[in-house]
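One structure is given below, encoded as structure tokens.
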Amino acid sequence: MSEQQATPASGPKVKKFMFVNRKAPYGTIYALESLEVVLITATFDQDVSLVFIDDGVYELLKGQETKGIGIKNHSKTYRALDGYDVEKLYVDRASLEQRGLTEKDLLVPVEVLDTEEMGQLMAEQDVILSF
Amino acid sequence: MLHIVNKSPFQSTSLQTCLRMAKPGSAVLFIEDGVYGATSGTSAEAMVRQAAGAIKFYALQPDIDARGATGKVMDGITLVDYSGFVDLTLEYSTSHSWL
Amino acid sequence: MKFGLLVSEGPYTHQASDSAYQFVVAAIAKGHEIQRIFFYHDGVNNATKLTDPPQDDRHIVNRWSALAADHKVDLVVCVAAALRRGIRDENLAPGFRISGLGQLVDSGIKADRLITFGD
């Protein structure tokens, strides 16, 4: 079980926030609107991790070209995340493999985790938000 | 960790992925359409039974009853009401809703 | 204990807002505090005063407004999600307020538990 961070002697509380993305982009709005939460959370100086599991890995696929469907392409926002100090992006290995994908297919650097590691990372979080 | 699953195992991979990642000592609570994953005699039963040694399973009784599944819940799954749901969220330091 | 909730779906189409409501009622009955309920994605549709459901079924929006009136629960609708979906001050139901995503993060930081109800 994870322990909540004790309030440090000085400064505000820092919690570990995990954002879980398990849905593909464009078929639903969850990928886009979850990114908006991530960007705001980054301004609160919290410890932020983004994880992509199941169809969520499709959110990071290179080469998204959305003109034909008339929906704004939000994929480049993932590349801007490190400008917001959001650098901890993790992808589930099994989800990539099931979809015939590798890290090379993704548009940002990520850390690929196996099931055990992903489960462990999850267990260490204070707040988990899923979309 | 309290894992909350609200999808039928036949509709979505939520339960399957949850059980793949849930650590021993955590709990899974079935709510809404997720309660079908708590019923016996389905092709999902084996997956739940296999995890049941290390993980505690709960199901929200009002959702079970609403779906006509009263009396069809697998052994080893504890039924709770909304009050019990609240207690579970406090017993475990974090919850993860698998949507 | 202090609870924050995230409600990510609108009324009636998904059970999320019902489950959230029942959870809140139970938590209050046990003497816990609801720090905030944050409505995001289609959850913002829980806040329109224009709904007119059948008389023999629950009135989801009014239920939320009553919670705010009776227990001073802070019902916050995300401004960006609301603008996308046409929820504005002029059609906002009583008890709700429109604010930024920061209120959700604030809940994550200040509440003892943050529970998500969605699809």
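Convention: sequence-line order gives letters A, B, ...; per-chain numbering from 1. None of these values were measured; they are calculated from a predicted model.
Across all non-hydrogen atoms, the minimal contact from C:Gly108 to A:Lys15 is O-NZ, 2.9 Å. Between C:His41 and A:Ser34, the closest heavy-atom pair is CE1-N, 4.4 Å. Across all their heavy atoms, C:Tyr40 and A:Val37 have their closest contact at CE2-CG2, 3.4 Å.
In the displayed structure, C:Gln55 atom CD is contacted under 6.0 Å by at most 12 heavy atoms of other residues, nucleotides or ligands. The environment of A:Gln98 atom CD is dense: over 12 non-hydrogen atoms of other residues, nucleotides or ligands sit within 6.0 angstrom. Taking a 6.0 Å sphere around CZ of C:Arg88, one finds it holds 12 or fewer heavy atoms contributed by other residues, nucleotides or ligands. Shown here is A:Lys62, whose NZ atom has more than 12 heavy atoms of other residues, nucleotides or ligands within 6.0 Å. Open room surrounds OH on A:Tyr84; 12 or fewer heavy atoms of other groups in view lie less than 6.0 Å from it.
Put simply, CZ on A:Phe131 and CG on C:Leu6 are 7.0 Å apart, with the number rounded to the nearest 0.5 Å. How far CG of C:Leu104 is from OG1 of A:Thr41: 7.0 Å, rounded to the nearest 0.5 Å.
For A:Ile128, the part sitting under 4.5 Å from any heavy atom of chain C is the backbone (N, CA, C, O) and nothing else. With a 4.5 angstrom heavy-atom cutoff, C:Gln103 does not touch chain A via any of its atoms. Both the backbone and the side chain of C:Asp119 come within contact range of chain A, judged by heavy atoms closer than 4.5 Å.
A donor-acceptor contact shorter than 3.5 Å is absent between the side chain of A:Lys13 and the backbone of C:Lys110.
Listed in order of number, the residues of residues 24-33 of chain A that approach chain C to under 4.5 Å between heavy atoms are A:Ile29, A:Tyr30, A:Leu32, A:Glu33.
Under the ring-ring contact (aromatic ring centres under 6.0 Å, His included) criterion, C:His32 pairs with C:Phe3, not counting sequence neighbours.
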- Go through the steps to decide whether A:Phe17 and C:Ile109 satisfy the test side chain to side chain contact (heavy atoms under 4.5 Å, CB included), and finish with yes or no. CA-CA 9 Å; A:Phe17 277 73; C:Ile109 294 169; 4.0 Å; yes
